[in-house]
Colleague: 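One structure follows; several queries about it will come next.
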Amino acid sequence: MAAALLANVLYSTGFVLEKRALASLPEVDIRRPARLLRLVLGSPLWIGGSLSLAAGFGAQLAVYRTLPIAAAQGIFVSGLVLLVLLSARLLGEETTGRERYALGAILAALLMVVLSLREGSDKVSRSAPVPLILLVCVPSLAMGVWLYGSAERRARHRHRMPTTGVEYGVAVGLLYGVSSLAIKGVSGYLTSADGLGGAVAGLLRSPYPYLLLFTGVFGLVMSQAALQRCRASLIVPVCTTVTCLFTAVLGTLAFGEALPHEPLRLALRLAGTALAVSVLLAMPKHDTSPQPSAAPKELTPP
């Protein structure tokens, strides 16, 4: 629990720092990844945010070694509350009434998931069949990249309403969902009884390091472009919700972790997941925040 809450703090802080750094940079484009990397790596604030995210990655590894996937995701969703608070305080992003209702649902979901936990009674799996992992991950990666490209093409329409980033968040969330499953797989090798050499050799023979490399590179480029264009208080909650649901549902099946057998604990776990889904459904598709109006043009005779 402590490691999960620490991961939430580190991830939320990292996203907010990166968003603040991106606001002062020229517009980035996923079609020019080398320029994007050159710009962000030249920003000390962005580097601080990325180091915070890396520390969150380490905390997440500790979580997956001690908690079932579904329970861990329910706790990770609670980080959205801190993210929205930091976005309002440090980025000046105001939340709407619908978004505040979503925060209430997140708090209720966290409470339900925590109440469904019982130390020593939940199975924590260490491995999953490689063909099953590839069957889950490869189509999801392709779907995420395609969905992001579709959102980019629609966003270039001049007369389209400003987007909130829901489509971007879903696309990046799919990539981070695959990354989360890969982190879970890596955590299993860290508990191997074969020693450090055997664990490293086994890890390199598995698909997990290569899934992490792909999602790390593409997720970095895609998330930075999306963060610069959309409000962090909307795109990150959508991304986090998709990642958590993807990992909780498909990860539980792939790693063979059973849900609680007691009716009350099972109901609490499922209800918490259902409330997490409501966060995604509550997010508006278009940004209705006031935009600066252009000065009227002076009429001149022909």
Side-chain angles (χ1 to χ4, degrees), residues 1-19 46-87 89-90 103 106-107 109-117 119 122 124-126 169 172-191 208-209 211-212 215-216 219-220 223 227 232-233 235-252 255 257 269 272-273 275-276 279-280:
M1 281 287 295
L5 295 176
L6 176 61
N8 285 343
V9 173
L10 292 170
Y11 279 136
S12 298
T13 303
F15 277 123
V16 169
L17 291 177
E18 287 188 349
K19 171 67 177 178
W46 186 91
I47 292 176
S50 64
L51 290 176
S52 181
L53 293 176
F57 169 84
Q60 192 175 1
L61 277 176
V63 173
Y64 282 146
R65 294 175 62 183
T66 54
L67 283 180
I69 290 179
Q73 298 313 306
I75 299 172
F76 286 144
V77 170
S78 68
L80 301 183
V81 178
L82 178 61
L83 185 279
V84 172
L85 293 176
L86 289 176
S87 297
R89 181 70 177 174
L90 300 179
L103 288 180
I106 292 168
L107 291 173
L110 170 63
L111 179 60
M112 290 179 180
V113 172
V114 170
L115 291 175
S116 74
L117 298 175
E119 185 177 0
D122 289 324
V124 180
S125 179
R126 305 296 183 192
V172 178
L174 288 173
L175 264 70
Y176 284 166
V178 172
S179 178
S180 190
L181 291 187
I183 294 173
K184 169 69 175 177
V186 171
S187 71
Y189 284 92
L190 296 180
T191 58
Y208 302 122
L211 290 174
L212 282 176
T215 56
L220 171 64
S223 64
L227 267 177
S233 56
I235 188 172
V236 176
V238 173
C239 175
T240 303
T241 303
V242 172
T243 299
C244 289
L245 291 175
F246 178 95
T247 309
V249 176
L250 297 181
T252 297
F255 283 88
E257 294 182 349
R269 186 78 58 86
T273 303
L275 279 176
V279 174
L280 181 60

Colleague: Looking at every non-hydrogen atom in both residues, tell me the closest pair between Thr13 and Ser52 and how far apart they are.
Modeller: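 Distance-wise, the nearest heavy atoms are CB-OG, 3.8 Å.
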
Colleague: Which atom pair, heavy atoms only, marks the closest approach of Gly49 to Leu17?
Modeller: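 Minimum heavy-atom separation between Gly49 and Leu17: CA-CB, 3.7 Å.
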
Colleague: Could you work out, with side-chain contact (heavy atoms from CB on, under 4.5 Å) as the rule, every residue matching Leu181, not counting sequence neighbours?
Modeller: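 Leu181 satisfies side-chain contact (heavy atoms from CB on, under 4.5 Å) with Val136, Cys137, Phe246, Thr247, Phe255 only.
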
Colleague: Please identify each residue that fulfils side chain to side chain donor-acceptor pair (under 3.5 Å) with Glu18, with sequence neighbours left out.
Modeller: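 Expected list: Gln224.
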
Colleague: Holding to side chain to side chain donor-acceptor pair (under 3.5 Å), I want the full list of residues that pass it with Ser223, two or more places apart in sequence or in another chain.
Modeller: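 With neighbours one apart ignored, the set is Tyr176.
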
Colleague: Mind checking the CG-OG1 spacing from Leu174 to Thr243? Nearest 0.5 Å is all I need.
Modeller: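 Taking CG in Leu174 and OG1 in Thr243, the distance rounds to 7.5 Å.
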
Colleague: Mind checking the CD1-OG1 spacing from Ile183 to Thr215? Nearest 0.5 Å is all I need.
Modeller: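 OG1 of Thr215 is found 7.5 Å from CD1 of Ile183.
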
Colleague: Work out which heavy atom in Val63 is nearest to a heavy atom in Ala4; give both atom names and the distance.
Modeller: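 That closest heavy-atom pairing would be CG2-N, 3.3 Å.
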
Colleague: Give the minimum heavy-atom separation between Ala59 and Ala3, together with the two atoms involved.
Modeller: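 Closest approach of Ala59 to Ala3, heavy atoms only: CB-O, 3.7 Å.
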
Colleague: Determine whether Leu212 and Ser179 make a side-chain contact, defined as any pair of heavy atoms from C-beta on separated by less than 4.5 Å.
Modeller: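 Of all side-chain heavy-atom pairs linking Ser179 with Leu212, at least one is under 4.5 Å.
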
Colleague: How far does CG of Leu227 sit from CZ of Phe15, to the nearest 0.5 angstrom?
Modeller: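 If we round to the nearest 0.5 Å, Leu227:CG and Phe15:CZ are 7.0 Å apart.
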
Colleague: Who are the side-chain contact (heavy atoms from CB on, under 4.5 Å) partners of Ala55, not counting sequence neighbours?
Modeller: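 Result, side-chain contact (heavy atoms from CB on, under 4.5 Å) vs Ala55: Leu10.
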
Colleague: Taking only residues two or more places apart in sequence or in another chain, which ones pass side-chain contact (heavy atoms from CB on, under 4.5 Å) with Leu51?
Modeller: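 Partners of Leu51 by the side-chain contact (heavy atoms from CB on, under 4.5 Å) criterion, ordered by chain and then number, come out as Ile47.
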
Colleague: Among all residues two or more places apart in sequence or in another chain, which pass the side chain to side chain donor-acceptor pair (under 3.5 Å) test with Tyr11?
Modeller: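 Applying side chain to side chain donor-acceptor pair (under 3.5 Å) to Tyr11 gives Gln60.
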
